[in-house]
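Contents: one structure, followed by commentary.
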Amino acid sequence: MSEHSAPLQQPYGRAYEQMLEKVRYDGAYPTREKAEQAVRLVLAGLGRQLTGDERVDLAARLPLEAARILTAQIPDTQPLTGWAFVKDLAARTGASLATTRWDTGSVFSAVAAYAGADLVTRILRQLPSGYALLFGRAELTQAASQAA
């Protein structure tokens, strides 16, 4: 058996499996399936918000399966604030806002690990207010604009 055919026998690539395990561990999900549901929900939502170079660069850094979820979405014409993003995801699934906020933070933590600090900063500059907290960062837009 050639080494090129081995990955095709696995349901997911190793990098995506590791991403799911990170989300499962960080989010304290009881099963990998619950973690994967969160990953699919949140990445699809992010794919509807993110455009341009940041979208392309993030997709290039994510595991292939995660990149496909992100890029399969058509970006919305009207971007959502961070809070509206969480409310939209909750409405799509019927989950509570608290659960959806937890899911979002857990997945964005893994996304940030793959993206790196510089790309996350670029992503946060592109998105409306409220996403920094979802990525586990302080919302610095007001302080930055006052310093300028």
*Salt-bridge contact Arg125-Glu54 (side-chain N to carboxylate O under 4.0 Å)*: no
*Answer yes or no: is there an ion pair linking Asp57 with Arg122, defined by an N-O contact shorter than 4.0 Å?*
yes
*Arg137 and Thr121: side-chain donor and acceptor closer than 3.5 Å?*
yes
4.5 Å side-chain heavy-atom contact, [X] and [Y]:
{"X": "Val23", "Y": "Arg32", "value": "no"}
{"X": "Lys22", "Y": "Ser109", "value": "yes"}
{"X": "Leu89", "Y": "Arg48", "value": "yes"}
{"X": "Gln18", "Y": "Tyr114", "value": "yes"}
{"X": "Phe85", "Y": "Leu127", "value": "no"}
{"X": "Val56", "Y": "Thr71", "value": "no"}
{"X": "Pro75", "Y": "Arg55", "value": "yes"}
{"X": "Val111", "Y": "Met19", "value": "yes"}

Considering all heavy atoms, the nearest [X]-[Y] contact:
{"X": "Ala66", "Y": "Leu43", "value": "CB-CD1, 3.5 Å"}
{"X": "Val120", "Y": "Phe135", "value": "CG1-CD2, 4.0 Å"}
{"X": "Ala132", "Y": "Leu124", "value": "N-CD2, 3.6 Å"}
{"X": "Pro128", "Y": "Pro79", "value": "CG-CB, 3.7 Å"}

Side-chain ([X]) to main-chain ([Y]) donor-acceptor, under 3.5 angstrom:
{"X": "Arg24", "Y": "Pro30", "result": "yes"}
{"X": "Trp83", "Y": "Gly130", "result": "no"}
{"X": "Gln49", "Y": "Leu80", "result": "yes"}
{"X": "Thr100", "Y": "Ser96", "result": "yes"}

*In sequence, state the C-alpha distance, the side-chain angles, and the governing distance for Phe108 and Ile123, and then conclude on side-chain contact (heavy atoms from CB on, under 4.5 Å).*
CA-CA 12 Å; Phe108 279 0; Ile123 289 169; over 6 Å; no
Taking atom [atom1] of [X] and atom [atom2] of [Y], what is their separation to the nearest 0.5 Å?
{"X": "Arg40", "Y": "Asp103", "atom1": "CZ", "atom2": "CG", "value": "14.5 Å"}
{"X": "Ile74", "Y": "Thr51", "atom1": "CD1", "atom2": "OG1", "value": "13.5 Å"}
{"X": "Tyr16", "Y": "Leu64", "atom1": "OH", "atom2": "CG", "value": "10.5 Å"}
{"X": "Asp53", "Y": "Leu119", "atom1": "CG", "atom2": "CG", "value": "10.0 Å"}
{"X": "Arg68", "Y": "Gln73", "atom1": "CZ", "atom2": "CD", "value": "14.5 Å"}
{"X": "Tyr29", "Y": "Lys34", "atom1": "OH", "atom2": "NZ", "value": "10.0 Å"}

_Quick check: is Val86 connected to Leu133 through a chain of hydrophobic side chains (ILVMFWY, heavy atoms under 4.5 Å apart)?_
no
*Apply side-chain contact (heavy atoms from CB on, under 4.5 Å) to Leu58 and Leu46, showing your working.*
CA-CA 11 Å; Leu58 179 59; Leu46 185 59; 3.8 Å; yes
*With sequence neighbours excluded, residues passing side-chain hydrogen bond (donor to acceptor under 3.5 Å, both in side chains) with Arg61*: none
*Passes side-chain contact (heavy atoms from CB on, under 4.5 Å), Gln37 versus Leu41? Steps please.*
CA-CA 6 Å; Gln37 288 173 356; Leu41 172 72; over 6 Å; no
